[in-house]
Structure formats: C-alpha cells, structure tokens
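In what follows, a single structure is set out as structure tokens and then discussed.
By convention here, the first residue in the shown sequence is residue 1.
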Amino acid sequence: MKTYNVCWSGGLDSTFVVTQLSQFPVRIRPFYIKGQTFRQSEPQELAAIESIQELLHADSRTKAELLPILIIEKDDPRIKDREIIRAHRRIYMRLLEEYKTKHGGKLPPAGSQQIYVDGAYISPQYIACASLAKYYGETFELGIQYNDLESIPIFHSSPNSIEMDDTTKRGLMFMNENNLDQDLYLIFKDLRFPITGQGLYKRDIWQWFSEHGYLQVRSNTIFCQAPVVHKDGTWEPCGICTACIDTIHGNLLEPFTEEGLARYRDYEQNHEKEPERFRLKGF
C-alpha cells in the first residue's frame, strides 16, 4: 500500500487533498505543523482535523488507511533544515527588494499584511514542509491552488511540470529540476501540488465537495487565520486575514457572514491609511 505524506492544516485546500486521497486504497500520513506563521487559529484547525478524520473514517466510500495526525511542534529540528532556511532567506530578501522598487523604496509598516497580499513573501510553512520531506527522503503533498501560486510573482517564470500519479490518477505539479533559481528549486523539489496539477482554483475546490457529497466535511474546514470566536464557542471567518482576503479575491464569498464581508470592505478602504489597525495579530 503506497503512503502519501500530506501537510494538513484543516483548511479547504489541504482537506481536499486528504478527502480525495481517501477514495483510493492508499495510506495517508498527515502532518500538522505548529507555529510557522502568524495564525491564531491552531485550536480551531486541530478541532477541524479531528472532526474531519471522524467523518472520513465513518464514510463507506473511504478506501484509504488514514493514519492519526502527526503534530510537529514549532521547534522540532525536523522542520529546520539549515540549507533550506538559508535558501528561503535569500528568496525573502530578494522579494523585499522587488517590493521596495515597486513601492518607491518603501517597505510596508511592521506587521502589515500588504507584503503578503502583494506576493512579496514566501511563507515559512514551506521551510517546514520542505525540511520534513528532506528528513524523510520522501515527497510531501501540499494543498496549494492556482490562486496561491499566481499571487507569488517568483513562480511566474519558474518551469513547473506535471506528473501523473499511477495509483490515484491525479496530476501532481512539481518544480522542474531545470529551474534557474536554485534556491526556489531547493525548497520545492520534494513538494507536490495535486490541486494545481489538476488545474483547480478555490471555487473549483469548494464545488468539488458539493459535487462529490462531502458537504459535511467541507463545513468542518477552516481557512481563516484569525477567526472571530463567539461566546458560545462557535466562530466565523474574520474577513481581513491574508487567507480570508485570498478567498474573497477568489470570488468565494459563501463562507463569510455579512459582518465578515463588512470587515473586508473596511480593510480594503482603510488599510493604507490606518495600517496599525490591520496589523497582523501575533506579529
């Protein structure tokens, strides 16, 4: 039985990867990596993963062996490969210089989300996933779709390829070894992107859950990085974290309340004038 390593956050994209894999006679080994970004949503993400695991285990269509989630702490040496960290740092500094050139020599205020929105940033989650892949000597799958790759200018000139996975018949995008940017290749060479390999955008993923009868799974996912938690313990997407902004820009509005969309409009109108008010939580 073939084993597939998946970095799973409990979000819509990575849950799609796990759910799609669950339909095949394979072994799924999911990893949850803590503390790599400014996310305030780890409790909700772990709760989402637990509930989705229960749903998939109980689903008669599940053919895969879904292993228990492996939680990786933020200081785990397996996610801190020095060579990969240095490559990420070089890319990060180059993107900052490109951002400064684009914005008249200025960087955004500390904690501003604009550097994410403008694609002048590659998340440290890639350091962690790439380091894990290198440690295990195996490929890891990530739930990255076209909306994400299109927001990162450095990917536009990168030669990517698609391989067909024989077991699941899914297209998997990967970084071509002929990439001229060796830092980028070093980070992404062992990572696979089944969503981009299948040509899917955020709305496509949203609809896939509906078309394949996984609405309950979808309803348990979380993508917001700073959820608004109510007194009764329920939560809703904030509308102003980078993940929410990306989702709204992908024309996927269904997960948001009217209050969440109002917060997003407030961000769009005022974040340049009042950057401190929209500072990344946890920065």
Side-chain angles (χ1 to χ4, degrees), residues 7 9 13 33 35-39 74-75 77-135 139-162 172-193 195-197 201-202 225 241-246 249-250 267 271-272 275 278-283:
C7 290
S9 69
D13 301 339
I33 304 170
Q36 296 305 298
T37 64
F38 304 116
R39 298 200 313 267
K74 64 179 181 179
D75 295 324
R78 289 176 293 177
I79 59 172
K80 295 184 178 296
D81 182 85
R82 290 187 178 183
E83 189 179 20
I84 291 173
I85 290 173
R86 292 187 184 113
H88 180 272
R89 181 66 178 176
R90 288 190 292 268
I91 293 172
Y92 176 58
M93 297 305 295
R94 189 161 72 251
L95 289 175
L96 281 183
E97 288 303 314
E98 293 174 1
Y99 183 97
K100 287 170 62 177
T101 300
K102 181 180 176 182
H103 293 83
K106 295 181 179 180
L107 288 175
S112 170
Q113 299 193 75
Q114 200 58 38
I115 198 165
Y116 293 80
V117 176
D118 284 5
Y121 187 81
I122 294 184
S123 173
Q125 68 175 329
Y126 296 122
I127 296 176
C129 294
S131 295
L132 273 180
K134 183 176 179 179
Y135 176 84
T139 59
F140 273 61
E141 295 193 6
L142 275 66
I144 305 296
Q145 33 80 30
Y146 274 121
N147 304 60
D148 297 321
L149 293 187
E150 287 179 342
S151 69
I152 304 175
I154 198 169
F155 278 102
H156 295 175
S157 58
S158 301
N160 301 315
S161 300
I162 296 177
L172 305 176
M173 196 201 87
F174 65 97
M175 188 72 70
N176 193 296
E177 64 182 352
N178 296 322
N179 198 305
L180 297 178
D181 190 324
Q182 290 303 299
D183 286 333
L184 199 64
Y185 177 68
L186 178 64
I187 295 173
F188 288 94
K189 64 185 180 70
D190 294 322
L191 304 181
R192 298 293 181 267
F193 306 103
I195 296 175
T196 50
Y201 285 83
K202 184 76 76 176
Q225 298 169 342
C241 70
T242 54
C244 283
I245 292 170
D246 175 68
H249 286 178
Y267 169 84
H271 74 271
E272 291 184 354
F278 299 100
R279 184 183 175 91
L280 281 167
K281 295 179 181 180
F283 185 84

Which of these passes side-chain contact (heavy atoms from CB on, under 4.5 Å) with Y126: I84, I91, I144?
I144

Any residue meeting salt bridge (charged side-chain N to carboxylate O under 4.0 Å, His left out) with K189, in chain and number order, not counting sequence neighbours
none

Rounded at 0.5 Å granularity, tell me how far CZ in F174 sits from CD1 in I162.
9.0 Å

May I ask you to decide whether E97 forms a salt bridge with K100, counting only side-chain N to carboxylate O separations under 4.0 Å?
yes

Which atom pair, heavy atoms only, marks the closest approach of L186 to A87?
CD2-CB, 3.7 Å

Heavy atoms of C7 and I33 approach each other most closely as SG-CD1, 4.2 Å

Drop me the distance from S161's OG to L172's CG, to the nearest 0.5 angstrom.
12.0 Å

Roughly how far, to the nearest 0.5 Å, is the CD1 atom of I187 from the CD atom of E83?
10.5 Å

Go through D181 and R94 one step at a time and tell me if the side chain to side chain contact (heavy atoms under 4.5 Å, CB included) criterion holds.
CA-CA 12 Å; D181 190 324; R94 189 161 72 251; 2.4 Å; yes

Assign the ring pair F278 / Y267 to parallel, tilted or perpendicular, where the plane angle (0 to 90°) is split at 30° and 60°.
perpendicular

Would you check if I85 and H88 make a side-chain contact, meaning some heavy-atom pair closer than 4.5 Å?
no

Could I get the full list of salt bridge (charged side-chain N to carboxylate O under 4.0 Å, His left out) partners for R86, not counting sequence neighbours?
none

How many angstroms lie between atom CG of D81 and atom NZ of K134, to the nearest 0.5 angstrom?
3.5 Å

In terms of heavy-atom contacts, Y185 and M175 come closest through CE1-O, 3.6 Å

Smallest separation among heavy atoms of D13 and K202, with atom names:
OD2-NZ, 3.1 Å

Residue pair Q182 / E177: nearest heavy atoms and the distance that separates them
NE2-O, 4.5 Å

For L191 and A133, work out which heavy atoms get closest and say how close.
CD2-CB, 4.4 Å

Could you tell me the separation between the CG atom of D183 and the CZ atom of R89, rounded to the nearest 0.5 Å?
13.0 Å

